[in-house]
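As the structure lists them, so they are numbered: ligands from 1, and atoms in each ligand from 1. Because the structure is a prediction, the values reported are computed rather than measured.
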Amino acid sequence: MVSTKEPYTFLQNTDSELYDILMREVSREDHTLELIASENFVSYPVLEMAGGVMTNKYAEGYPGARYYGGCEHVDEAENLARERAQKLFNCGYANVQPHSGSQANMAALMTFLNVGDTIMGLDLAHGGHLTHGSPVNFSGKLYNVVSYQVSRETGRVNFDECRKQAKEHKPKIIICGGSAYPRFIEFEQFREIADEVGAFLMADIAHPAGLVATGIHPSPMPYCDVVTTTTHKTLRGPRGGMILMDKDVENPWGVVAPKSGRTKMISELLNSTVMPGIQGGPLMHIIAAKAVAFGEALKPEFKTYAQQIVDNAQTMANALLEKDYQLVSGGTDTHVILIDLTHKGVTGKAAEKALERAGITVNKNMVPFDERSPFVTSGMRVGTPAITTRGMGKNEMNHIVDLIDQVISDIENDTTNDRVKSEVNTICDSFPLYRELHD
Ligand code: DSN
């Protein structure tokens with residue numbers, strides 16, 4: 001268990017090789033500026049629960065109906081996680097067992113669809129996600145995929161085209177949301193299209209979940225049949241996934257309970273797709289850590305924090321625009337900024353590498369209509385959850401953009417890189433992270 005008084009003593013005494021690796025990672029996280037939009041730093045309580053003894057427990061099934069004995073305390077934890085998730089998102093159903101966002105998406109799709117059905121999702125290169133129909137993912141292999149895109153002019157979803165595609169291809173489900181879409185997800189507009197073609201609507205709010213929970217981003221609940229998310233991005237919980245529904249209703253596919261002949265609720269089908277459908281034993285230490293994180297997110301100060309994430313992203317976006325960077329959609333409503341580096345003459349790959357040498361972690365990212373491969377890309381994605389968690393604000397955002405610009409404008413110059421690295425260290429020292437774990 002992690003103790004902040006004598007951290008990792010057992011590991012240190014028994015496996016110095018792994019202890020050293022862990023300490024190097026603690027130090028890396030502390031001494032770099034983490035701008036990967038999907039990453040964040042959990043609190044000590046979440047870290048303690050995630051590193052706790054519930055990792056030992058097998059608990060296939062759901063609270064009150066497990067396949068193993070001794071589940072009374074993990075049941076308490078999972079019930080709290082579900083209750084807190086429902087409160088946080090103001091909804092009637094939560095399944096907190098998916099190991100990841102991809103598992104949550106797989107369970108939702110496998111519940112609502114048959115193999116071979118048509119799905120519509122945002123093109124990966126336009127900000128979507130692998131599980132929204134990429135040919136290299138289960139979603140692209142099991143289903144017939146029609147991808148919608150953003151408009152070249154606005155960088156926002158092209159709803160005219162999306163509607164035309166939906167009318168032509170009659171998808172059974174439309175997925176909205178993605179991993180590099182800087183704007184609010186337009187749930188209401190997607191709902192209209194879904195209704196026009198008789199499709200289900202699924203929202204993947206993995207990225208803005210913390211902003212949704214605090215009311216900063218619109219809620220998908222009134223519009224979507226099913227909602228999936230991760231728990232570790234803006235929501236600041238442990239790495240994991242979750243499935244939500246506004247209201248539980250009877251399934252429309254005529255699935256009945258074998259003994260009673262009663263029509264099953266969609267929640268029952270979702271639950272059984274997660275387990276035993278695609279997962280076995282739930283990660284009870286992570287589910288309990290999700291409960292801790294949801295408890296934190298229910299506190300009023302989490303709203304202040306979530307607003308600061310967005311304020312920081314907007315400060316950063318404005319500073320980038322002032323330095324003549326092109327931003328997809330011209331800015332951001334959220335924690336994500338997608339930068340098109342084409343006219344700077346730098347690839348995403350080169351920018352990511354140079355910035356990493358300078359202690360700034362970002363990821364290369366395709367931009368809409370990108371002519372480069374996903375391994376090179378013309379863009380990079382930056383995000384503010386992690387640096388906001390460290391307590392950074394407006395001054396630091398402007399300073400960080402200045403540092404990014406110095407590196408990108410002089411990408412081959414090691415001296416520039418070294419100078420930036422030393423400024424990064426100074427910033428990190430002013431906003432220490434997990435220092436008790438390695439000092
Ligand atoms: N890998 C996540 C991201 O970076 O957005 C999505 O799964």
Just distance, no hydrogens or angles: give the donor-acceptor pairs under 3.5 Å from side chains in residues 380-388, sequence neighbours left out.
{"from": "R381", "atom 1": "NE", "to": "N363", "atom 2": "OD1", "distance (Å)": "3.2"}
{"from": "R381", "atom 1": "NH1", "to": "S179", "atom 2": "O", "distance (Å)": "2.6"}
{"from": "R381", "atom 1": "NH1", "to": "H207", "atom 2": "NE2", "distance (Å)": "3.3"}
{"from": "R381", "atom 1": "NH2", "to": "S38", "atom 2": "OG", "distance (Å)": "3.3"}
{"from": "R381", "atom 1": "NH2", "to": "N363", "atom 2": "OD1", "distance (Å)": "3.2"}
{"from": "T384", "atom 1": "OG1", "to": "I309", "atom 2": "O", "distance (Å)": "2.8"}
{"from": "T388", "atom 1": "OG1", "to": "N312", "atom 2": "ND2", "distance (Å)": "3.0"}
{"from": "T388", "atom 1": "OG1", "to": "T384", "atom 2": "O", "distance (Å)": "2.6"}

Check your understanding: Got a sec: does the CZ of R239 have more than 12 other heavy atoms crowding it under 6.0 Å?
Key -> no
Exercise for review: For ligand 1, list the protein residues that place a heavy atom within a distance below 4.0 Å of one of its atoms, sorted by chain and number.
Suggested key: S38, H129, S179, H207, R381
Review point. Side-chain donor-acceptor pair under 3.5 Å between N365 and T377, yes or no?
Key: no
**Study point:** Plane angle bin for F187 and Y223 - parallel if under 30°, tilted between 30 and 60°, otherwise perpendicular
**Key:** parallel
Review point. ring-ring contact (aromatic ring centres under 6.0 Å, His included) with F431: which residues, sequence neighbours excluded?
Key: none
Review point. Can you name the residues that form a side-chain hydrogen bond (donor to acceptor under 3.5 Å, both in side chains) with T228, not counting sequence neighbours?
Key: N105
